[in-house]
K.L.:
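Please read through the structure below; I'll follow up with questions.
Just the heavy atoms: all of them, side chains too, but no hydrogens, waters or symmetry mates, feed the values below. Whatever order the structure lists them in is the order used to number ligands and atoms, beginning at 1.
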Amino acid sequence: MEGYIFDLDGVLVDTAKYHYLAWKTIAQEFGFELTPAHNEQLKGIGREVSLHKILQWAAKTLPENEFQSLALRKNELYLQYIAHIDNSELLVGVADFLQTLKSKGKKIALGSASKNARLVLERTGILPLFDAIVDGTMVTQAKPNPEVFLKAAELLQLPPAQCCVFEDAPAGVQAAKAAGMRVIGVGEEQVLCAADEVIPNFSSFVLHNS
Ligand code: G6P
Ligand code: MG
């Protein structure tokens with residue numbers, strides 16, 4: 001493999017918990033208790049689609065302007081949570097693995113639905129390691145659509161078959177498979193069973209495996 005494409009939240013950085021806390025606060029405002037099980041279904045899914053799902057679970061409809069202001073407020077809460085993050089939020093083994101890829105001359109890209117992706121890469125100090133970044137501001141179709149990963153491969157100037165994706169969300173695993181890429185799930189085997197391989201984290205990952 002020549003290209004390595006990473007999802008952001010829950011793969012490189014421990015920010016999934018902040019998305020969850022922010023959505024939980026928003027949901028509580030209209031009396032809905034968002035559980036970790038609900039949150040699993042929001043991983044990898046864009047901001048507005050996430051809010052649509054939460055409202056559906058809560059059997060609630062909102063006028064467009066209120067919908068937009070809730071989405072905006074969720075982001076303000078999330079930004080407060082990540083205001084002071086640094087490289088201690090990088091998940092275990094990530095910094096070493098990115099350095100290994102660099103030293104072997106591999107290409108590194110980001111494929112994330114988040115519109116805050118650049119900010120998070122910058123704050124955690126890993127932005128300079130990326131050859132290409134595709135984030136939520138650059139795609140029109142959310143995961144499980146393969147657009148985000150196909151765009152990343154295009155920017156790396158590599159065919160999809162030469163790219164390996166790392167994902168923590170079922171929607172992302174599906175997107176990577178649909179893009180014709182090898183996908184390594186980062187997390188739990190039973191959640192990510194559609195991946196080609198599942199690893200608990202990067203500390204034990206050996207490059208020649210993929
Ligand atoms: C990632 C996360 C989701 C988040 C989405 C949009 O895919 O896994 O939990 O909702 O990005 O993030 P944003 O920062 O643009 O609200
Ligand atoms: Mg993720």
K.L.:
What is the name of the N/O/S atom of Asp7 that is nearest to the Mg ion (ligand 2)?
P.N.:
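Result for Asp7 and the Mg ion (ligand 2): OD2.
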
K.L.:
So is Lys115 polar-close to ligand 1, meaning N/O to N/O under 3.5 Å?
P.N.:
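Indeed, backbone or side chain, Lys115 has an N or O that close.
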
K.L.:
Should you measure from each heavy atom of Leu42, which atoms of ligand 1 turn up under 4.0 Å away?
P.N.:
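By the 4.0 Å cutoff, the relevant atoms are 3 (C), 9 (O).
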
K.L.:
Asn116 to ligand 1: N or O pair under 3.5 Å?
P.N.:
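N/O-N/O distance below 3.5 Å exists for this pair.
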
K.L.:
Rounded to the nearest 0.5 Å, how far apart are OH of Tyr4 and CG of Leu156?
P.N.:
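The OH atom of Tyr4 sits 12.0 Å away from the CG atom of Leu156.
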
K.L.:
Is the cationic atom of Lys151 (NZ for Lys, CZ for Arg) positioned less than 6.0 Å from the six-membered ring centroid of Phe149 and within 45 degrees of its normal?
P.N.:
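Ring-cation test returns no.
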
K.L.:
How about Asn116 and Asp135: does a side-chain donor come under 3.5 Å of a side-chain acceptor?
P.N.:
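Side-chain D/A pair, Asn116 to Asp135: absent.
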
K.L.:
Is there a polar contact between ligand 1 and Ser114, counting only N or O atoms under 3.5 Å apart?
P.N.:
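Yes: some nitrogen or oxygen of Ser114 is under 3.5 Å from one in ligand 1.
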
K.L.:
Name the option, out of Ile45, Asp7, Asp9, that contains the heavy atom nearest to atom 4 (C) of ligand 1.
P.N.:
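Among Ile45, Asp7, Asp9, the closest heavy atom to atom 4 (C) of ligand 1 belongs to Ile45.
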
K.L.:
Below 4.0 angstrom, N of the basic side chain to O of the carboxylate: do Glu89 and Lys17 qualify?
P.N.:
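Between Lys17 and Glu89 there is a salt bridge, with a charged N closer than 4.0 Å to a carboxylate O.
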
K.L.:
As a test of reading the structure, name the N/O/S atom of Asp168 that is nearest the Mg ion (ligand 2).
P.N.:
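Going by distance to the Mg ion (ligand 2), the closest N, O or S atom in Asp168 is OD1.
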
K.L.:
Does any donor atom in the side chain of Gln80 or Glu76 lie under 3.5 Å from an acceptor atom in the other side chain?
P.N.:
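No, Glu76 and Gln80 have no side-chain donor paired with an acceptor closer than 3.5 Å.
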
K.L.:
With a 4.0 Å cut-off on N to O distance, would you call Lys43 and Asp7 a salt bridge?
P.N.:
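Salt bridge: no.
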
K.L.:
Can an N or O of Lys43 be found at a distance shorter than 3.5 Å from an N or O of ligand 1?
P.N.:
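Among all N and O atoms of Lys43, none is under 3.5 Å from an N or O of ligand 1.
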
K.L.:
Apply side-chain hydrogen bond (donor to acceptor under 3.5 Å, both in side chains) to Lys53 and His38, showing your working.
P.N.:
CA-CA 9 Å; Lys53 275 186 189 272; His38 287 120; over 6 Å; no

K.L.:
Specify which N/O/S atom of Asp9 comes nearest to the Mg ion (ligand 2), by atom name.
P.N.:
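Nearest N/O/S atom: O.
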
K.L.:
What protein heavy atom sits nearest atom 16 (O) of ligand 1, and how far off is it?
P.N.:
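Residue, atom and distance for the closest contact: Arg47 NE, 2.8 Å.
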
K.L.:
Below 4.0 Å from ligand 1: does a non-hydrogen atom of Gly44 turn up there or not?
P.N.:
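Contact present.
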
K.L.:
Would you kindly specify which portion of His19 sits under 4.0 Å from ligand 1, judged on non-hydrogen atoms: side chain, backbone, both or neither?
P.N.:
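Near ligand 1, His19 shows its side chain, while the N, CA, C and O stay back.
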
K.L.:
Do Asp9 and Thr15 pair up side chain to side chain, a donor and an acceptor below 3.5 Å, judged on atom types alone?
P.N.:
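Yes.
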
